[in-house]
Amino acid sequence: MTNTTTARTLDHHDMNRLMGLMTGDEKHGPAATSTLDVLWVLYDRVLRVTPDTVDAPGRDRFLLSKGHGPMAYYAVLAAHGFFDEELLPGFGAYDSPLGHHPDRTLVPGAEIGSGSLGHGLPLAVGSVLGLRAQGLTDPRVWVLIGDAELDEGSNHEAIAYAGPAGLEQLHTVVIDNASSSHGRPGGIAARFEAAGWSVDSVDGRDHEALYAAFTAPHPGRPRAVVARVDPKD
């Protein structure tokens, strides 16, 4: 499969139409729609990666840890020209590259295969360390996780390491749609703050608030943004 480099003409208003082309995974519909605005703002205004630079060493890396229910992710990638929207109706079919969990070897622009809870943030930490080892200190690593993933211990090991290690290139977005079984004492933001992260909590549907939180300076510290979303919206 080759990436398209045609000029993008779609905008956020096209997202419902694009997501409507994908059927067969309705049980994960809320998991997908809860990420839509965060993904749009990242790809439209923040991430330094395009269909032409998906293999460039200096690109930003985006890791979708919340890989179950990836319809919004696929819709945003298609809208930004990473692949043709004609692939969307085949979502989940045996001969489609767009699986129910993203496969980095099949989906243009996908950095990791994901879906199993709790892996994305540790992978993001490792990605930052790998970039540092290569002397690449400009690319940023972004990872999107769900609040329920914070029930997994591997995330807390990553959080506890990244703060003291000063991984400034690391950015985490937590979609808080109140789906976690156990929750976090003091709230999600407090967990990151306790480990020395720069943290903000915003309305996960407010594009301007998301953009401001994503672009706020955080010298010497990793950044976490908790995006609060009502899954019924």
Side-chain angles (χ1 to χ4, degrees), residues 1-12 14-15 18 35-67 70 72-88 96-99 101-115 119-145 158 162 165-173 198 207 210-211 213-225:
M1 183 192 311
T2 57
N3 297 337
T4 178
T5 57
T6 55
R8 179 178 61 83
T9 58
L10 303 182
D11 62 24
H12 185 258
D14 292 286
M15 290 300 97
L18 294 180
T35 68
L36 181 57
D37 294 279
V38 165
L39 288 167
W40 180 263
V41 173
L42 283 173
Y43 274 91
D44 202 55
R45 302 173 64 181
V46 178
L47 290 173
R48 297 174 297 188
V49 62
T50 69
D52 294 324
T53 62
V54 291
D55 296 317
R59 73 188 183 281
D60 284 348
R61 277 76 166 165
F62 173 77
L63 282 57
L64 180 69
S65 185
K66 188 179 168 69
Y73 182 49
Y74 293 154
V76 170
L77 287 176
H80 287 81
F82 287 86
F83 54 81
D84 292 328
E85 70 172 80
E86 284 76 11
L87 290 175
L88 297 177
S96 172
L98 306 181
H101 290 181
D103 184 331
R104 71 174 185 86
T105 67
L106 298 177
V107 180
E111 294 281 355
I112 60 171
S114 61
H119 296 311
L121 184 51
L123 286 170
V125 168
S127 296
V128 171
L129 295 176
L131 289 169
R132 281 187 170 187
Q134 298 173 73
L136 297 171
T137 58
D138 189 48
R140 301 167 299 185
V141 177
W142 293 79
V143 58
L144 189 155
I145 69 175
L167 300 188
E168 185 178 341
Q169 289 167 265
L170 177 61
H171 303 74
T172 299
V173 186
S198 167
H207 290 199
L210 287 168
Y211 178 73
F214 293 161
T215 56
H218 50 97
R221 295 194 290 168
R223 176 71 167 163
V225 176

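Note that the structure is a prediction, hence the values are computed from the model and not measured.
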Measuring from [X]:[atom1] to [Y]:[atom2], what's the distance to the nearest 0.5 Å?
X      : Y      : atom1 : atom2 : answer
Leu106 : Phe83  : CG    : CZ    : 11.5 Å
Asp60  : Leu47  : CG    : CG    : 6.0 Å
Thr172 : Leu121 : OG1   : CG    : 4.5 Å
Leu64  : Ile112 : CG    : CD1   : 7.0 Å
Leu10  : Asp44  : CG    : CG    : 11.0 Å
Leu39  : Met15  : CG    : CE    : 10.0 Å

List the residues meeting salt bridge (charged side-chain N to carboxylate O under 4.0 Å, His left out) with [X], not counting sequence neighbours, and say none if there are none.
X      : answer
Asp103 : none
Arg59  : Glu111
Glu168 : none

Closest heavy-atom pair and its distance - [X], [Y]:
X      : Y      : result
Phe214 : Trp142 : O-CH2, 3.4 Å
Leu18  : Ala79  : CD1-CB, 4.0 Å
Arg48  : Asp138 : NH2-O, 2.9 Å
Gly120 : Ser65  : N-OG, 3.0 Å
His12  : Trp40  : N-CZ2, 3.2 Å
Pro102 : Gly67  : CD-O, 3.3 Å

Heavy atoms, side chains only, cut-off 4.5 Å: are [X] and [Y] in contact?
X      : Y      : value
Leu167 : Val125 : yes
Leu87  : Pro97  : yes
Phe82  : Val76  : no

Identified side-chain contact (heavy atoms from CB on, under 4.5 Å) counterpart of Val38 within the set Leu36, Thr35, Leu42: Leu42
So, does [X] use its side chain to make a donor-acceptor pair with the main chain of [Y] at under 3.5 Å?
X      : Y      : value
His80  : Ala78  : no
Tyr74  : Gly99  : yes
Ser198 : Arg221 : no
Gln169 : Arg132 : no
Thr53  : Val49  : no

Greater than 12 external heavy atoms within 6.0 Å of Arg104's CZ: no
Aromatic ring pairing His218/His171, orientation class (parallel under 30°, perpendicular over 60°, tilted between): perpendicular
